[in-house]
Amino acid sequence: MKGLVKRVLPARAVSALLSLRSRLVLGSEFRSDRRRYARHYLPGEMICRASVGSTNLEAQLIKDYHRIEKGLALPKPKRPFGAAVAQRIEGNILVGRDDVAVDDVIALAESAQRALQRWNSDGVISDEIAPVAKHHEHKIDDVDGFFRSRRSVRDFDSAQVPDETLTRAVALALQSPSVCNRQAWRVRFFRGDDVSRILAHQNGNSGFRYVIPVVGLITVDTRMFSAAGERNQPWIEGGIFSMSLVWALHALRVDSCMLNMSVRNKQASAVRKEFGIPDNELIIMMIAIGYARPGHRIARSPRRQTNEVIVSRD
């Protein structure tokens with residue numbers, strides 16, 4: 001049909017039709033993204049209703065107790081502060097009292113609430129909520145070498161990455177910053193026959209799919225975000241965590257290659273259906289993981305100069 005249109009219509013008309021089609025598809029994709037976010041997000045700062053899901057309640061509690069943590073870590077904390085935050089925490093603790101899924105979060109919220117009360121009444125900062133940091137006690141022998149030696153690998157040997165190594169890499173990546181410390185990340189690892197199945201949904205891996213030992217699928221739970229202002233935050237959070245995971249793997253001498261999931265919603269939905277990923281999780285990317293084959297080659301991938309990236313304010 002497309003070929004027939006090109007033969008019948010002038011080139012300018014074909015270009016106009018293709019442009020219109022592209023805009024219509026783009027609008028449809030954005031509407032689909034909006035509907036998914038609207039189905040799962042928390043409308044705004046609130047004392048949740050009993051009908052609100054556990055994850056939405058957890059998100060609101062974390063946002064508020066982290067506000068207390070941040071407030072007490074400022075150079076000169078206000079005193080008093082946090083009246084509205086304390087009120088929401090109290091209300092949401094009551095909502096979640098019978099929900100075992102949020103027991104741990106409630107305990108953290110209660111400890112933050114006690115710390116806030118102590119600060120506001122006695123001017124004492126809790127070492128539990130805002131501990132004194134041990135500044136830069138880590139050791140990195142070769143910072144430049146570490147960062148410049150990480151490259152995307154597309155030629156793996158057959159050795160399997162142990163589960164405990166993957167778990168350790170995830171534990172390291174969990175140190176990533178996240179908005180109000182909500183940590184909405186999820187990771188699924190695929191091995192064996194599942195590698196080719198999951199990679200069939202990603203464009204750009206067909207030339208080395210057969211040598212990839214492990215695939216990580218990164219998703220983010222949209223129920224951990226609220227209101228219109230955070231509509232893009234799941235993608236930001238997912239990107240930060242994915243990069244941290246790749247750096248953690250590199251530190252553990254495991255190689256990787258990020259595989260983008262810049263696809264239409266139809267393709268993402270096919271992944272959800274085949275692998276049982278719930279609708280509330282946004283699919284961020286896949287990561288090929290393994291040990292590089294000795295003598296493997298890498299793409300040249302030249303880097304920009306710093307003066308191209310640092311924008312002068314003059």
Side-chain angles (χ1 to χ4, degrees), residues 35-70 82 84-117 126 128-129 163 166-189 216-231 233-238 240-242 244-245 268 271-273 275-284:
R35 286 193 294 269
R36 173 167 287 104
Y37 186 68
R39 279 196 295 271
H40 303 294
Y41 84 133
L42 189 67
E45 307 293 352
M46 60 188 295
I47 296 175
C48 298
R49 302 181 303 275
S51 59
V52 168
S54 299
T55 306
N56 289 143
L57 176 60
E58 177 185 354
Q60 184 64 65
L61 283 166
I62 292 174
K63 284 171 66 176
D64 281 331
Y65 80 59
H66 191 58
R67 287 184 170 111
I68 297 172
E69 296 171 344
K70 291 188 294 185
V85 170
Q87 184 179 20
R88 279 198 303 272
I89 287 176
E90 184 175 354
N92 284 317
I93 285 174
L94 289 174
V95 172
R97 278 295 184 200
D98 297 324
D99 188 347
V100 296
V102 293
D103 280 352
D104 291 343
V105 178
I106 285 178
L108 292 168
E110 288 174 332
S111 65
Q113 197 173 39
R114 290 192 296 270
L116 179 63
Q117 291 168 351
S126 166
E128 177 190 5
I129 301 304
D163 287 342
L166 295 176
T167 299
R168 187 180 177 194
V170 172
L172 293 170
L174 284 171
Q175 300 304 311
S176 302
S178 65
V179 62
C180 291
N181 198 38
R182 276 171 269 174
Q183 305 173 63
W185 315 297
R186 303 289 183 269
V187 187
R188 294 168 175 83
F189 293 112
L217 179 68
I218 313 299
T219 66
V220 171
D221 191 340
T222 56
R223 296 174 298 179
M224 297 297 286
F225 303 94
S226 65
E230 292 188 346
R231 68 193 183 282
Q233 197 64 36
W235 305 104
I236 297 169
E237 303 282 301
I240 291 171
F241 179 80
S242 297
S244 292
L245 180 58
V271 177
R272 288 191 181 90
K273 182 177 180 181
F275 296 98
I277 299 167
D279 183 72
N280 53 274
E281 292 185 30
L282 284 180
I283 296 173
I284 305 299

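Every value quoted in this text rests on a predicted model; they were computed, and no experiment measured them.
Between F225 and V179 the shortest side-chain heavy-atom distance falls below 4.5 Å. In this structure, Y37 and E230 have side chains that are in contact, with non-hydrogen atoms separated by less than 4.5 Å. Taking the side chain as every heavy atom from C-beta outward, L282 and R36 approach each other to under 4.5 Å. By the 4.5 Å heavy-atom criterion applied to side chains, V187 and L166 are not counted as neighbours. You'll find the side chain of C180 reaches within 4.5 Å of the side chain of K70, heavy atoms only. Annotation: side chain of W185 is not in contact with side chain of I284 (no heavy-atom distance under 4.5 Å). No side-chain heavy atom of V85 sits less than 4.5 Å from a side-chain heavy atom of Y65.
Closest of all the heavy-atom pairs between V102 and G96 is CG2-O, 3.7 Å. When all heavy atoms are compared, the tightest approach of L245 to V170 is CD1-N, 3.9 Å. Taking each heavy atom of A50 and V95 in turn, the nearest pair found is CA-CG1, 4.1 Å. When all heavy atoms of P177 and I240 are compared, the pair lying nearest together is O-CG2, 3.8 Å. Between R88 and M46, the closest heavy-atom pair is CD-N, 3.6 Å. In plain terms, the two heavy atoms of P234 and V220 that are nearest each other are O-CG2, 3.6 Å.
Annotation: Q117, atom CD; neighbour count of heavy atoms from other residues, nucleotides and ligands within 6.0 Å is above 12. Other residues, nucleotides and ligands contribute only 12 or fewer heavy atoms inside 6.0 Å of the CG atom of D104.
At a cut-off of 3.5 Å, with distance as the only test, a side-chain donor of Q60 or D64 sits close to an acceptor on the other residue.
For the salt bridge (charged side-chain N to carboxylate O under 4.0 Å, His left out) with E281, the qualifying choice from R272, R188, R223 is R188, the only one to do so.
One finds the CG atom of N181 at 11.0 Å from the OG atom of S176 (value rounded to the nearest 0.5 Å). The line from OG of S226 to CD of Q233 is 10.0 Å long, rounded to the nearest 0.5 Å. To the nearest 0.5 Å, atoms CD (E90) and CD (E110) are separated by 10.5 Å. Atom CE of residue M224 and atom NE2 of residue H40 lie 14.5 Å apart, to the nearest 0.5 angstrom. Atom CG of N92 is separated from atom CG of N56 by 10.5 Å, given to the nearest 0.5 angstrom. Here the NZ atom belonging to K63 is positioned 6.5 Å from the CG atom belonging to L42, to the nearest 0.5 angstrom.
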Between I89 and I68, is a side-chain contact (heavy atoms from CB on, under 4.5 Å) present by the stated rule, with each step listed?
CA-CA 11 Å; I89 287 176; I68 297 172; 3.7 Å; yes

Give the intermediate values and the outcome of side-chain contact (heavy atoms from CB on, under 4.5 Å) for residues I106 and R97.
CA-CA 8 Å; I106 285 178; R97 278 295 184 200; 4.0 Å; yes

Trace of the side-chain contact (heavy atoms from CB on, under 4.5 Å) decision for I93 with L61
CA-CA 8 Å; I93 285 174; L61 283 166; 4.3 Å; yes

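With S244 contributing its side chain and A173 its backbone, the two residues share no donor-acceptor pair below 3.5 Å. Listed for the T222 side chain is no donor-acceptor partner under 3.5 Å among the backbone atoms of Y41.
Taking a cutoff of 4.0 Å between a charged side-chain nitrogen and a carboxylate oxygen, R186 and E237 do not qualify as a salt bridge.
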